[in-house]
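FYI, the numbering just counts along the sequence from 1. What you are looking at is a predicted structure, and each value in this text was computed from that prediction instead of being measured.
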Amino acid sequence: MNRTIKGWLSVGVVLAILLVGCENDQHATGLDLLPEYLKGEPISKDFALTLRTVPAGTEAGNNDIYVGSALGYLGRMSSEEFGGIETEYLTQFRIPSGFRFKDESVITGIDSVRLYIYYDGFAGDTISSMTVTANRVKQPLKHNKYSITEVKEYVGEELGSLSYWAGRGSQRIKDNSGKGNYILSIALPKELGEEFFTRSKAGDPVFANQAAFDKWFPGLYLHTTAGQGSVIRVTSTELAFWYSKEVEVEDTKTKKKKKEIKPFAQRLIHTSEVPQLSRFANFRVDQLLEDQGFATIKAPAGLWIKATLPTRAIAKELKEAPAGYSRTLNAVTYTLQGTTASAATATKYGIPETLLMLPVDSTKTFFEKELTENSLGAAYTSFIGEMVVRGSSTYHFGNIGSAIIKHIKEEPNKDLEVYILPVELTKASQDAGGATISLTHLVPPSAVKFAITPQNTKLEATIIPVSYTHLRAHETPE
């Protein structure tokens, strides 16, 4: 191999290593890492991308989103700027194999049945009057981690309802920090409890295993039937059968033993071992989709931004190096600034803290495989947009050049299309390195608007000219 070829290979390897190094750091340009003989006068050039609002999840042909979390969301709210959102869920209950009432030998029946909905927070108004209704589900739920858009096939008889304020619940259990779970307590028909108890005493095969139980009692459908103004985040759903039992207690004064009738409960809860389906519906979003002056993000399962990056124009610029030079794309950065109105008026919806940019055709698998921006296969094509200042609506994406380089190589005749969508980011502690643990679709109601202006459609690129003279001067000898 002659010296020229070996020299080119050497420089190519150096450039590749350095470029990958700067791509891994999404906020670095990499110029300072280059050896002196590769440093030409860097070129800064802006390229214009296009933005438009699209329905969330359109890569799957609908607005279903991947929601692997066991959390449920329940409520309805709206705003003049972003329209309305309704959230509800269907849940099954985990049954131990061979389930029996633990005190069935000493009790005669069930006193009452309660459905407890535990929630640790809410979006929207504290005192908006809301009504939640529980219906019996009429067929087993599918093991599906996607949200659904239709519930008709599941909805059976109505069992009970409750009016509440999100900021109060039926009661609240506080922890040592003064916070804790709110609880909604819904009375269900006593007959439901009697049916469970009778079947338990008879050793009914519906309790033999989970599949048999699901077929007989497929679960409950929880939805809002009146009011709007809040959405609660449900951490646990519990079905409790209350009964009375005689127990022996000690009199606190006389210290003598005596018998008393006390209430006890047999409880069933939803766990991750059984399905729970979430449904999200967005209202009055047509105007947002048609607005040519703004690009809008709305969660959950609402609106995303679809951006077209001008990779063909960038590739053309790289090819137009003057005689004696070649050009390398060193860095491309992007910043999105939300409108002041959105930051001020999206009080009910909140503002997403984190955005994710990734190619349109990889969105579905990204969430199904539970990847992050650092995962193998996604590290050079997915990028986090973090708030420049916490609480603001301005997001900065670091060096997205690696996705552009990859796309130019694979599809040189087509511009790169990406989604920009809201996500919930979980990081390890700083002591553990602060790396991203998970990225999931954002479900708490959130929204933000971005004006389609020259500032919001600007990609800032840094291009490095490399002199052939410098390359030849640093050829690797035989």
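- Annotation: side-chain hydrogen bond (donor to acceptor under 3.5 Å, both in side chains) contacts of S112 (sequence neighbours excluded): none.
- At least one side-chain heavy atom of T235 sits under 4.5 Å from a side-chain heavy atom of L71.
- Side-chain contact check for Q276 versus L141: every heavy-atom pair is 4.5 Å or farther apart.
- Residues S163 and T131 bring a donor and an acceptor atom of their side chains to less than 3.5 Å of each other.
- Side-chain polar atoms of S170 and S185 form no donor-acceptor pair below 3.5 angstrom.
- For F383 and F397, the gap between ring centers reaches or exceeds 6.0 Å.
- In terms of modelled atom types and a separation under 3.5 Å, the side chain of E238 and the main chain of L115 share no donor-acceptor contact.
- G169 and L184 get closest at one heavy-atom pair: CA-CD2, 3.7 Å.
- Residues L268 and F241 meet the side-chain proximity criterion, which asks for heavy atoms closer than 4.5 Å.
- Across all non-hydrogen atoms, the minimal contact from Y119 to R168 is OH-C, 4.2 Å.
- Remark: side-chain polar atoms of E86 are not paired, donor with acceptor, to backbone N or O of R76 under 3.5 angstrom.
- Aromatic pair W216/F196: centroids less than 6.0 angstrom apart.
- With ring centers used as reference points, Y66 lies 6.0 Å or more from H441.
- The closest side-chain heavy-atom distance from E368 to Y146 is below 4.5 Å.
- A donor-acceptor pair under 3.5 Å is formed between the side chain of T372 and the backbone N or O of N374.
- Side-chain atoms of Q228 and S128 form no donor-acceptor pair, as typed in the model, at a separation below 3.5 Å.
- Nearest heavy-atom pair across S446 and I351 is CB-C, 4.4 Å.
- In this structure, K190 does not pair ionically with D111, as no charged nitrogen and carboxylate oxygen lie closer than 4.0 Å.
- Counting only heavy atoms from C-beta outward, the side chains of L192 and R136 approach each other to under 4.5 Å.
- With contacts defined as side-chain heavy-atom distances shorter than 4.5 Å, the pair F450/Y395 qualifies.
- The main-chain N or O of V206 is never found under 3.5 Å from a side-chain atom of R199 such that the two would form a donor-acceptor pair.
- Within the 3.5 Å criterion, the main-chain N or O of I173 finds no donor-acceptor partner in the side chain of Q171.
- Residues F366 and E373 approach most closely at CZ-N, 4.2 Å, considering heavy atoms.
- No hydrogens or angles considered: a donor-acceptor pair under 3.5 Å links the side chains of T335 and H396.
- With 3.5 Å as the limit, one finds a donor-acceptor pair spanning the side chains of Q210 and D214.
- E320 and R327 are not joined by a salt bridge, as no carboxylate oxygen comes within less than 4.0 angstrom of a charged side-chain nitrogen.
- The backbone N or O of A211 sits less than 3.5 Å from a side-chain atom of N209, completing a donor-acceptor pair.
- Using a distance-only test at 3.5 Å, with no hydrogens or angles considered, a donor-acceptor pair links the side chain of N456 to the main chain of A451.
- Residue L51 holds its CG atom at 5.5 Å from CD1 of I452, rounded to the nearest 0.5 Å.
- Across L162 and Y164, no two heavy atoms sit closer than the pair O-CD2, 3.9 Å.
- Side-chain contact between L239 and L188 is present, with heavy atoms from C-beta onward closer than 4.5 Å.
- Within the 3.5 Å criterion, the main-chain N or O of A378 finds no donor-acceptor partner in the side chain of S375.
- A side chain to side chain contact (heavy atoms under 4.5 Å, CB included) with T457 is found for exactly one of L49, D46, L336, namely L49.
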Open item on the list: side-chain hydrogen bond (donor to acceptor under 3.5 Å, both in side chains), that's the test. Do Y154 and Q139 meet it? Break it down for me.
Closed with: CA-CA 6 Å; Y154 295 110; Q139 64 174 298; 5.6 Å; no
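- Rounding to the nearest 0.5 Å places CZ of F101 at 5.5 Å from CD of Q266.
- We find the CD-CZ distance between E290 and R52 to be 13.0 Å, quoted to the nearest 0.5 Å.
- A donor-acceptor contact shorter than 3.5 Å is absent between the side chain of D120 and the backbone of N181.
- Atom CD1 in I405 sits 12.0 Å away from atom OG1 in T311 (nearest 0.5 Å).
- Residues T271 and F93 are not in side-chain contact: their nearest non-hydrogen atoms beyond the backbone lie 4.5 Å or more apart.
- H270 and T237 form no side-chain donor-acceptor contact under 3.5 Å, judged by distance and modelled atom types alone.
- A cation-pi arrangement is present between K45 and F47, with the terminal nitrogen or guanidinium carbon under 6.0 Å from the aromatic centre and inside a 45° cone about the axis.
- In this structure, N282 contributes its side chain and G83 its backbone to no donor-acceptor pair below 3.5 Å.
- A cation-pi arrangement is found for K449 relative to F294, the charged atom lying closer than 6.0 Å to the ring centre and inside a 45° cone about the ring normal.
- In this structure, the ring of Y118 has its center no less than 6.0 angstrom from the ring center of Y182.
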